[in-house]
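Contents: one structure, followed by commentary.
We number each residue from 1, following the sequence as shown. Only this structure's heavy atoms are used, side chains among them; waters, hydrogens and symmetry mates stay out. For clarity, every value in this text was computed on a predicted model and none was experimentally measured.
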Amino acid sequence: MSRPRRSGIFSGVALILFGVAFLLHNYRGFEFQAVLLHWWPLLLIVLGLIKLYERTSSRYEPGAARITAGEIFLVIGLLLLVGIVVGVDTVKGKFPGSHLEFGDFGRNSYDYDLEVAPKAVPANPRITVRSTRGDISVRSSDDSEIRVSGKKNIRAWSDTEASQFADRVSVEVVKNGDGYEIHPTGSNTGDSRLGFNMEIAVPKKSQLTVRNEKGDIVVSDIAGPVVIDNHNGDVDIRNTTGDISIDMRHGDVKVADTKGDIKLAGKGGEVDVTSASGGLTVDGEFYGPIRADKIAKGVRYISQRSDLTLSQLSGHLELGSGNLEITDAPGNLQLRTNRYDVDVENVGGKAKIENRDGSVELRFSSPPKDDIDITNANAVISLSLPATSSFEITADCHSCDIDSDFSGGTLSKTSSGSGDNHLTGKYGTGRATKITLKTSYGNISLRKTSGDSMQPPMPPHAPNPPHPNPHPAPEIPAPEEN
């Protein structure tokens, strides 16, 4: 009698892998979108390795390593389940205040007043706000006390069920070591059907920390340092004096009129920072657009794709949709990126740019004062300088051409039989700025931003312009003096 055919191990391995992924998603913020986008071929590799192992270990059992219909349907079912989870996460990311959960369909939303007794505190206390779901708004107060008001939001099948639920939960303010903590209290504070929308007033000089799972956070008019840890929701901070630290998972960030340094980390959507006396650091994957205006101590942006350092920004920076634009940066610029079209205007210090598969355009309204170094690949480089500039240039273009509006001095262009072009030499008088340009399979353009060469030529034998009045009145002589 022939032995019964052994079932393959692929189904078990697939269930284990997807089960671990779902656990990481629920407890560690593991995102299926990013993993599937970059690592989905690993599923095919795992399937191939398993089938190779089965064929090697069961070479005498015909058909032992075949891909069965059940395995195919299992993979399709698991991918559909992942798609549902991704869809729910996307909706929650777009509408963080909706608190969408699998078990909420059909339930109604009920609001109840949140009543919390004021708590007397010192003038510069350390305050921590901890919550799970709901919007949190914190503002300064002239009083040395903590005041909390707002609403308890309950999602339930009936008014009676919601009322009983609301009676069991509230918010309290307690002393915790040398600081104070504001947090929900009750037996069901972790229930997904419950949310606290809190409006909190604290002393202006408070050292504030806000930690929330789902919901928007707004902080205004705080003189001490502010720390935000928000997993799902927007963050809005304005008119603060101390340093700001924000850790995100989903949502947009808006910061305006601050005097301390700003540090933003994690993942999210749009970032908008305006009028900061300190510096701005963005470290993470924010899909933008990312905008920054008037950042006195400069911008530092770090992601898997880009590394940008600006020592000062008096103008505007915007990054998104494959474009990076910088206008009016009085200090140094250092950028390493790929697949971005880079457009920079008026850098005051050194400019060092490394790019790939995206154009680089650099413009100056006044002669540059420091070195310019641009390296690109598979795309063009365009550099525009005033006619009064003085520079020493080395430009190399592999399998492409160099087009320059500047001539004279010791500038010399050479070409090789393989299609490479080179431009070297010095132009102008006085101190020469050092310019280094390198690219491949994309032309190099060197343009003048002012001077006679920029004026449009007049047509030959241009007629004189007509008199504004073709029949002028005769001149009347002045009366003679007696």
Side-chain angles (χ1 to χ4, degrees), residues 25-31 88-89 91-101 104 109 111-112 114 116 125-140 146-155 169-174 176 179-186 188-202 206-222 224-238 240 242 244-255 262-271 284 286:
H25 173 268
N26 290 339
Y27 293 101
R28 297 296 181 187
F30 179 82
E31 293 189 356
V88 172
D89 286 346
V91 172
K92 292 193 293 184
K94 294 291 185 181
F95 307 100
S98 61
H99 307 293
L100 178 64
E101 303 288 346
D104 284 345
S109 180
D111 288 331
Y112 299 89
L114 182 62
V116 181
R126 184 173 59 84
I127 298 175
T128 301
V129 182
R130 298 181 185 273
S131 187
T132 53
R133 292 168 176 82
D135 299 335
I136 299 173
S137 176
V138 184
R139 59 176 179 84
S140 67
I146 300 174
R147 300 192 303 273
V148 181
S149 60
K151 297 287 184 179
K152 293 180 280 188
N153 179 262
I154 312 294
R155 291 177 299 283
V169 296
S170 187
V171 170
E172 64 178 359
V173 182
V174 297
N176 187 0
Y180 297 84
E181 185 169 303
I182 305 168
H183 60 246
T185 181
N188 301 94
T189 54
D191 198 307
S192 62
R193 297 171 295 171
L194 172 65
F196 292 96
N197 297 323
M198 292 184 282
E199 297 182 3
I200 304 171
V202 300
S206 299
Q207 304 174 44
L208 180 65
T209 300
V210 182
R211 306 185 187 277
N212 197 21
E213 293 291 331
K214 296 180 181 180
D216 298 341
I217 295 176
V218 177
V219 177
S220 60
D221 303 309
I222 299 297
V226 176
V227 177
I228 305 293
D229 186 352
N230 197 28
H231 285 198
N232 195 335
D234 298 340
V235 173
D236 187 346
I237 300 177
R238 52 184 178 269
T240 61
I244 299 171
S245 177
I246 305 173
D247 193 355
M248 298 283 293
R249 298 296 183 274
H250 295 280
D252 302 333
V253 177
K254 181 179 290 187
V255 181
I262 304 166
K263 295 182 179 180
L264 173 60
K267 300 178 180 180
E270 295 186 17
V271 176
F286 293 86

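With sequence neighbours excluded, the residues satisfying side-chain contact (heavy atoms from CB on, under 4.5 Å) with Asn176 are Glu181. Legend: residues meeting side-chain contact (heavy atoms from CB on, under 4.5 Å) with Pro225, ordered by chain and number and at least two apart, are Gln207. Annotation: side-chain hydrogen bond (donor to acceptor under 3.5 Å, both in side chains) contacts of Asp247 (sequence neighbours excluded): Arg249. Applying the side-chain contact (heavy atoms from CB on, under 4.5 Å) rule to Val218 yields the partners Ser137, Asp236, Arg238; only residues at least two apart in sequence or on another chain are considered. For Lys263, the side-chain hydrogen bond (donor to acceptor under 3.5 Å, both in side chains) test picks out no residue, with sequence neighbours left out. Checked against salt bridge (charged side-chain N to carboxylate O under 4.0 Å, His left out), Glu199 has no partners two or more places apart in sequence or in another chain. Listed by chain and residue number, Asn153 satisfy the side-chain hydrogen bond (donor to acceptor under 3.5 Å, both in side chains) test with Ser109 (two or more places apart in sequence, or in another chain). Among residues two or more places apart in sequence or in another chain, the side-chain hydrogen bond (donor to acceptor under 3.5 Å, both in side chains) test is passed with Glu172 by His183.
Looking at every heavy atom in both residues, Asn197 comes nearest to Gly134 through OD1-CA, 3.5 Å. Residues Ile136 and Ser131 come closest through the heavy atom pair CD1-CB, 3.9 Å.
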> Could you walk me through whether Ile222 and Val202 pass the side-chain contact (heavy atoms from CB on, under 4.5 Å) check?
Replying inline: CA-CA 9 Å; Ile222 299 297; Val202 300; 3.8 Å; yes
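Within 6.0 Å of the NZ atom in Lys254, the count of heavy atoms belonging to other residues, nucleotides or ligands does not exceed 12.
Looking at heavy atoms from C-beta onward, Val129 lies in side-chain contact with Met198 at the 4.5 angstrom threshold. Contact of the Ile154 side chain with the Leu194 side chain is registered, since non-hydrogen atoms from C-beta on lie closer than 4.5 Å. With contacts defined as side-chain heavy-atom distances shorter than 4.5 Å, the pair Lys152/Phe196 qualifies. The closest side-chain heavy-atom distance from Leu264 to Phe286 is below 4.5 Å.
Ile228 contributes atom CD1, which lies 9.0 Å from atom OG of Ser245 (distance to the nearest 0.5 angstrom). The distance from the NE2 atom of His231 to the CZ atom of Arg211 is 9.0 Å, given to the nearest 0.5 Å.
Across Val219, Asn230, Val271, Asn212, a single residue satisfies side chain to side chain contact (heavy atoms under 4.5 Å, CB included) together with Val235, and that is Asn230. Test Thr209, Thr128, Ile246 against Val227 for side chain to side chain contact (heavy atoms under 4.5 Å, CB included) and you get one pass: Thr209.
Asp234 contributes no side-chain N or O that, together with a main-chain N or O of Asp216, makes up a donor-acceptor pair within less than 3.5 Å. Of the possible donor and acceptor atoms, none in the side chain of Asn232 sits under 3.5 Å from a partner among the backbone N and O of Lys214.
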